[in-house]
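See structure below.
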Amino acid sequence: MEIAEKNSILKEVVDAFEFPPTMLEAVRYGSGHINDTYCIVCQPREGKAIRFILQGLSLTAFPRQVELMENFIGVTTHLRKKIQEQGGDPMRETLNLIKTKDGKDYYTDSTGKIWRLMPFVEHTICLQQATPELFEAAARAFGRFQMLLSDYPAHTLHETIVNFHNTEDRFAKFIATLEADKLGRAKDVQEEIRFVLDRKADCSVAVDAQRAGKLPLRVTHNDTKLNNILIDEDTLEGICVVDLDTTMPGLSIYDFGDSIRFGANHNAEDEPDLAKVNFDIGLYERYVRGYLQGAQGGLTKTELEYLPWGARLMTLECGIRFLTDYLDGDHYFHITEPDQNLRRCRTQFKLVRDMEEQFDAMTAVVEKYSV
Ligand code: ADP
Ligand code: GN1
Ligand code: MG
């Protein structure tokens with residue numbers, strides 16, 4: 001068997017689960033920035049090879065790992081029931097856990113990190129960038145996900161990362177990191193720092209509306225990137241929402257906004273050439289249409305009004321988070337090159353500028369599909 005990373009922890013983890021007879025390989029998989037994801041390929045005695053997804057949860061991002069898995073189990077159990085009631089296939093339309101040899105839902109390794117094993121949802125595609133059709137399909141699926149969870153008892157969910165999308169709090173953490181300036185990097189990123197400081201008031205827009213009781217607290221995914229949805233190869237519909245680790249009480253505008261942040265453009269998140277980074281209002285329109293269709297009229301008038309702010313804020317917030325991690329020494333987001341977090345921050349800020357310029361048009365698009 002080829003274990004791509006000759007890593008003793010990985011061997012320990014693999015040994016904790018029961019796999020079909022011959023394991024062919026265990027290799028790093030996907031392009032998530034947080035968890036350690038592996039694809040395990042096994043050859044049973046008969047039939048075709050079988051794939052699994054094995055994931056180790058980041059201890060840096062998720063210090064409350066047991067609570068996180070309680071959320072995961074609660075949410076997927078609820079989704080499974082709903083999917084079944086609606087005549088769907090819960091093995092394809094949500095994530096399922098495979099138990100350890102000693103009957104547990106996950107394995108805790110000798111460093112305290114939790115690992116979970118899931119069947120690989122086959123005959124699906126996972127995209128980094130979308131065509132308009134597939135972006136709209138992803139939007140429908142994320143809208144539907146929100147509605148499937150609309151009757152989930154939100155108070156039973158743990159806040160896996162406290163203040164995850166509290167942009168005001170993200171601003172405060174940025175200021176603290178800037179003041180510490182551990183690596184002396186601040187002097188070289190003055191323009192980016194100014195960009196954040198100039199938008200301090202914006203950081204309060206969503207939390208102010210929530211505090212004023214204008215926006216309802218819902219169960220939200222909170223990380224609705226395009227690569228967190230699996231699209232059926234044949235129907236080209238979004239079928240399975242993955243990466244449920246941040247599913248907790250939140251605002252619908254966060255889920256809408258994070259999808260726009262990542263998908264309504266034609267560049268990679270770390271594209272170095274900012275001339276190639278442009279917010280595409282055509283893609284935005286397709287997402288609005290799909291999301292509202294998937295949400296089936298379940299959003300309030302005020303939520304609809306704030307959707308464009310969701311896009312602007314999630315993009316600003318993500319840029320602030322990348323810049324904060326850069327100033328802090330790149331401890332949170334996985335990087336493969338030294339300045340990657342800075343490049344990611346710059347693309348986000350370029351997109352924020354574009355959205356600021358086209359904000360009236362963004363609002364008009366939502367109005368067009370809200371009637
Ligand atoms: P991260 O938190 O690091 O982003 P994800 O849970 O998103 O981790 O997993 C990383 C990638 O692995 C996803 O973008 C997706 O491509 C793939 N993936 C995750 N779970 C499954 C699954 N059950 N079946 C198929 N692919 C999966
Ligand atoms: C992380 O795990 P992943 O790669 O799907 C991050 C999101 C960011 C995103 C930026 C738990 O998502 O909040 O928006 O990177 N997840 C966590 O690409 O912090
Ligand atoms: Mg992911």
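In this text, all values refer to a predicted model and were calculated from it rather than measured experimentally. Indexing begins at 1, ligand by ligand and atom by atom, following the structure's order.
Every atom of ligand 1 with a heavy atom of L230 under 4.0 Å away is listed here by number and element: 24 (N), 25 (C). Ligand 2 places these atoms under 4.0 Å from at least one heavy atom of N228: 5 (O). Of all the atoms in ligand 2, the ones that sit under 4.0 Å from a non-hydrogen atom of K225 are 3 (P), 4 (O), 5 (O), 9 (C), 10 (C), 12 (O), 15 (O), 18 (O). If you number the atoms of ligand 1 from 1 as listed, the ones under 4.0 Å from a heavy atom of P119 come out as 23 (N). Taking every heavy atom of T37 and a limit of under 4.0 angstrom, the matching atoms of ligand 1 come to 8 (O), 9 (O), 10 (C), 12 (O). Close approach of ligand 2 to G32 is summarised as follows: ligand atoms under 4.0 Å from at least one heavy atom of the residue are 4 (O). Those atoms of ligand 2 with a heavy atom of C318 less than 4.0 angstrom away are 10 (C), 14 (O). Here is the list of ligand 1 atoms found below 4.0 Å of a heavy atom in L95: 23 (N).
Looking at E357 and R353, no side-chain N of the basic residue comes within less than 4.0 Å of a carboxylate O on the acidic one, giving no salt bridge. Look at D15 and K11 and you find no salt bridge, because none of the NZ, NE, NH1 or NH2 atoms lies under 4.0 Å from a carboxylate O. Ion pairing between a basic and an acidic side chain is recognised when a charged N comes within 4.0 Å of a carboxylate O; K182 and D328 show such pairing. With respect to K187 and D181, no salt bridge is recorded, no charged nitrogen being found less than 4.0 Å from a carboxylate O. Contact check on R261 versus E269 returns a salt bridge, with a Lys/Arg side-chain nitrogen under 4.0 Å from an Asp/Glu carboxylate oxygen. E285 has no carboxylate O lying under 4.0 Å from a charged side-chain N of R289, or vice versa, which leaves the two without a salt bridge. Between E122 and K48 there is no salt bridge, since no side-chain nitrogen of the basic residue lies less than 4.0 Å from a carboxylate oxygen of the acidic one. No salt bridge links D188 with R185; every basic N to acidic carboxylate O contact stays at or beyond 4.0 Å. Ion pairing of D36 with K113 is present here, as a side-chain N (NZ or NE/NH1/NH2) and a carboxylate O approach within less than 4.0 Å. Salt bridge E303/R218: present, at least one basic N to carboxylate O contact under 4.0 Å. E356 has a carboxylate O that lies under 4.0 Å from a charged side-chain N of R199, or vice versa, which qualifies the two as a salt bridge.
Atom 19 (O) of ligand 2 has as its closest protein heavy atom Y332 OH, 2.5 Å. At the top of the distance list for atom 1 (P) of ligand 1, counting protein heavy atoms only, stands D243 OD2, 3.4 Å. Taking atom 13 (O) of ligand 2 as the reference point, the nearest protein heavy-atom neighbour is R321 NH1, 2.7 Å. Counting only heavy atoms of the protein, atom 16 (O) of ligand 1 lies nearest to C126 SG, 3.1 Å. At the top of the distance list for atom 24 (N) of ligand 1, counting protein heavy atoms only, stands V121 N, 2.9 Å. Regarding atom 3 (O) of ligand 1, its nearest protein heavy-atom neighbour is N35 N, 2.9 Å. Scanning the protein for heavy atoms near atom 11 (C) of ligand 1, the closest one is G30 CA, 4.1 Å. Given atom 14 (O) of ligand 2, the protein heavy atom at minimum distance is R261 NH2, 3.5 Å. In terms of protein heavy-atom proximity, atom 13 (C) of ligand 1 is nearest to N227 O, 3.6 Å.
Remark: side-chain polar atoms of N222 are paired, donor with acceptor, to backbone N or O of T246 under 3.5 angstrom. Distance alone, capped at 3.5 Å, is enough to place a donor-acceptor pair between the E12 side chain and the S110 backbone. Remark: side-chain polar atoms of T167 are not paired, donor with acceptor, to backbone N or O of E317 under 3.5 angstrom. Panel note: side chain D325, backbone F333; a donor-acceptor pair is recorded below 3.5 Å. No donor-acceptor pair closer than 3.5 Å links the side chain of T347 to the backbone N or O of P272.
With a heavy-atom cut-off of 4.0 Å, F262 does not touch ligand 2 at all. Using a 4.0 Å cut-off between heavy atoms, T124 makes no contact with ligand 1 at all. Using a 4.0 Å cut-off between heavy atoms, N228 contacts ligand 1 through its side chain alone, with no backbone atom that close. Contacts between I53 and ligand 1 below 4.0 angstrom, taking non-hydrogen atoms only, involve the side chain exclusively.
Residue Y29 has no nitrogen or oxygen atom sitting less than 3.5 Å from a nitrogen or oxygen atom of ligand 1, judged on distance alone. For the pair E269 and ligand 2, the shortest N or O to N or O distance falls below 3.5 Å. Note: no N/O pair closer than 3.5 Å links T246 and ligand 2 by distance alone. Polar contact check, R116 against ligand 1: no nitrogen or oxygen pair lies under 3.5 Å apart. Considering backbone and side-chain atoms together, H33 places an N or O closer than 3.5 Å to an N or O of ligand 2.
Side-chain contact, T100 with D102: a donor N or O sits under 3.5 Å from an acceptor N or O.
Residue F164 places a heavy atom under 4.0 Å from ligand 2.
Checking T60, D223, N227 against atom 3 (P) of ligand 2, the nearest heavy atom belongs to D223. For the residues D243, I34, T160, the heavy atom positioned nearest atom 5 (O) of ligand 2 is part of D243. Among Q55, H33, R51, the residue whose heavy atom lies nearest to atom 6 (O) of ligand 1 is Q55.
Looking only at its N/O/S atoms, D243 has OD2 as the one nearest to the Mg ion (ligand 3).
Geometric assessment of R286 against the ring of F135 yields a negative cation-pi assignment under the 6.0 Å and 45° thresholds.
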